[in-house]
Amino acid sequence: MDPKPVRTRFAPSPTGRMHLGSARSALYPFLLARRTGGTFILRIEDTDQKRFVPGAEQELIDGLHWLGINYDEGPDVGGPCGPYRQTERREIYHEYAWKLVELGHAFPCFCTPDRLDKVRQEQMKNKQNPRYDGACRNLNPDEGRRRAASGEKVVIRFKMPKEGSITTTDLLRGPSTTENSALDDSVLLKSDGLPTYHLAAMVDDHLMEITHVIRGSEWLPSLPLHTHIIRAFGWEEPQFVHLSVFLKPSGKGKMSKREAAEAIQDGHSIYVSEMQSLGYIPEGVLNWIALMGWGVSEGDVLTLDDMIARFDIHNLTPSPAAMNFAKLDHFNATHIRLLRTDDLAARVKPYFLREGLAVDDAKLLKIIPLIRERLVTLDDSLPFAAWFFKETVEPKPADLVAKNLTAAQSADVARKAYEILAALSEITPAVAEPPLRLLVEQLGLSPNQVFGILRVAVTGQTVSPPLFESMEIVGKEKVLERVKKAIKVLEST
RNA sequence: GCCCCCAUCGUCUAGUGGACCAGGACGUGGCCCUUUCAAGGCUAAAACUGGAGUUCGAAUCUCCACGGGGGCACCA
């Protein structure tokens with residue numbers, strides 16, 4: 001066993017919306033850290049000032065917070081290895097880049113982007129692999145340093161060995177050997193003084209003592225480069241785990257902007273920040289993304305705590321996974337049903353308020369058990385229960401007419417039901433249901449017909465929570481008032 | 001074009017040479033329950049990409065093909 005405490009990290013770049021793929025990239029290292037009693041870190045990789053999006057970092061932080069993926073060290077909470085924002089660490093990268101030059105594993109390069117472009121185009125025309133032509137590779141380091149110090153635009157490139165090969169290891173895929181001749185002299189430090197990912201991530205993972213690098217599979221092709229860099233410094237190599245990508249629901253190609261838009265049409269989203277307003281709860285979202293790329297044999301309804309207890313990095317799967325929103329709905333509904341009544345009430349309340357409804361908390365608490373198992377998303381509570389918080393309901397006359405009955409016959413049924421209800425001391429399921437069932441029998445009708453009329457009369461809609469329980473919450477006075485009104489409507493139809 | 005990765009029901013997956021006529025979950029069909037809508041119970045259909053090897057024996061190991069995905073920037 002490795003005695004070193006586990007340290008993992010989520011290292012996003014603030015260049016856009018936080019999508020579900022990022023959420024999963026945060027979840028797994030979080031789970032590993034929590035599972036092993038280790039430390040989980042948030043590091044912001046903001047070295048690309050061109051693609052920087054203001055507010056993106058906050059969205060990331062909010063998203064993690066909403067999901068319950070808490071980090072021990074990060075830009076807003078600090079920690080012993082800070083700063084945790086790469087733009088605040090530029091001197092560090094500068095130092096390490098030049099150290100690599102000193103060690104003979106890197107070289108300063110003064111080639112202009114213009115010239116490199118031309119070279120690249122020439123190479124492509126000749127059907128060669130586009131790569132650095134090595135113009136500055138053998139420059140005298142001292143001269144390079146001098147020119148750089150004098151303010152000349154300079155870049156530092158890794159000095160990839162021409163010969164030999166390197167064997168790298170991905171925890172899920174095993175070892176893989178790459179010929180060095182297939183690798184390029186990649187840029188490590190840009191002319192703006194900021195590092196590229198290759199340098200920054202390796203330096204930070206080392207300084208932050210990251211033991212397991214869990215990242216997207218788009219990094220797999222650059223693992224040989226990264227391993228070269230780490231070995232050039234003489235550092236210990238962390239375990240590398242490359243996660244598969246999320247594919248669009250069809251399984252053909254990865255999620256794109258277009259698919260994201262289509263998902264929205266459908267009441268779904270791939271953006272964490274939108275999940276809440278769509279009525280999803282973190283438990284549902286987490287369960288869904290966790291199991292895309294993590295195989296459990298049985299028992300797949302998991303809370304975050306369950307995941308921590310059961311997580312094993314070796315059960316991650318290397319193959320791409322297609323998004324299946326139907327499964328998200330299933331997990332969301334399942335976790336909603338698992339919520340305590342007061343918890344669910346508190347979570348559902350904002351959706352009523354959002355519609356401008358005045359919510360009575362005590363009443364809401366009584367409604368929750370009636371709608372709980374009917375909800376897929378939290379906002380589904382609106383069609384089921386919004387009418388509870390309205391003074392009056394406006395049933396459609398056609399809905400009040402029972403199946404296979406005329407309006408006049410329906411009115412007659414309603415009148416008889418009214419008399420029964422009016423005579424009751426109170427309207428509860430226990431008191432009201434038996435006499436009304438008796439009425440159903442006496443009239444030779446189906447429960448569906450009689451209760452249907454009452455349902456529409458009282459709730460204003462054809463689909464509602466259970467009738468008698470609903471009537472109890474509404475109260476006798478309002479029930480009678482609404483049934484009376486329904487009779488009038490039916491009579492005038 | 002070059003490099004890399006992946007491969008089990010429609011989808012997510014279990015499976016690490018015999019315990020697999022391949023298990024679970026979502027979805028789908030049927031039945032039951034039922035005052036609507038759900039939920040719940042039972043049940044059905046549904047997969048090892050193809051070929052060649054290794055082996056007494058292969059979903060599991062090797063190779064090839066096909067397929068899918070990713071990467072080839074002074075982006076991450």
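These numbers come from the heavy atoms of this one structure, side chains and all, not from hydrogens, waters or symmetry mates. Each chain gets a letter, A, B and so on, in the order its sequence line appears, and its residues count up from 1.
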Exercise for the section: Assign A:Ser191 to base, sugar-phosphate, or nothing according to its heavy-atom contacts below 4.0 angstrom with the strands shown. Expected result: base

Exercise for the section: Name the nucleic acid region contacted by A:Gly293, choosing base, sugar-phosphate or nothing; use a 4.0 angstrom heavy-atom cut-off, strictly under. Expected result: sugar-phosphate

Problem - B:U60: pairing nucleotide in any strand, Watson-Crick or G-U under 3.5 angstrom - result: none

Exercise for the section: Assign A:Thr178 to base, sugar-phosphate, or nothing according to its heavy-atom contacts below 4.0 angstrom with the strands shown. Expected result: nothing

Practice task
Give one of base, sugar-phosphate or nothing for A:Val155, where a contact means two heavy atoms less than 4.0 Å apart.
Solution key: base

Practice task
State which of B:C6, B:C4, B:G71 makes the closest approach to the side chain of A:Pro221.
Solution key: B:G71

Exercise for the section: For A:Ala182, answer base if it contacts any base atom (sugar-phosphate contacts may also be present), sugar-phosphate if it contacts only those atoms, and nothing otherwise; contact means non-hydrogen atoms under 4.0 Å. Expected result: nothing

Practice task
Give one of base, sugar-phosphate or nothing for A:Arg455, where a contact means two heavy atoms less than 4.0 Å apart.
Solution key: base

Restricting both atoms to N or O, compile the protein contacts to nucleotides 39-43 of chain B shorter than 3.5 Å, with distance only.
{"from": "B:A39", "atom 1": "O3'", "to": "A:Arg337", "atom 2": "NH1", "distance (Å)": "3.4"}
{"from": "B:G40", "atom 1": "OP1", "to": "A:Arg337", "atom 2": "NH1", "distance (Å)": "3.3"}

Exercise for the section: Give A:Trp288 one of three labels, base, sugar-phosphate or nothing, depending on what nucleic acid heavy atoms sit under 4.0 Å from its own. Expected result: nothing

Problem - Same-atom distance (C1') from B:G70 to B:A52, integer angstrom - result: 29 Å

Handout entry: Close approaches to RNA chain B from residues 86-100 of chain A, in residue order (heavy atom, under 4.0 Å)
Key = none

Exercise for the section: Determine the contact category for A:Lys50: base if any of its heavy atoms lies under 4.0 Å from a base atom, sugar-phosphate if only primed atoms, P, OP1 or OP2 are that close, otherwise nothing. Expected result: sugar-phosphate

Exercise for the section: May I ask you to say what A:Ser222 touches in the nucleic acid, namely base, sugar-phosphate or nothing, with a heavy-atom cut-off under 4.0 Å? Expected result: nothing

Problem - Touch class at under 4.0 angstrom, heavy-atom based, for A:Pro224 against every strand present - result: nothing

Exercise for the section: Quick one: label A:Pro14 by what it contacts on the DNA or RNA (base, sugar-phosphate, nothing), any heavy atom closer than 4.0 Å. Expected result: nothing

Problem - Interatomic distance, A:Leu172 atom CG to A:Leu220 atom CG [nearest 0.5 angstrom] - result: 10.0 Å

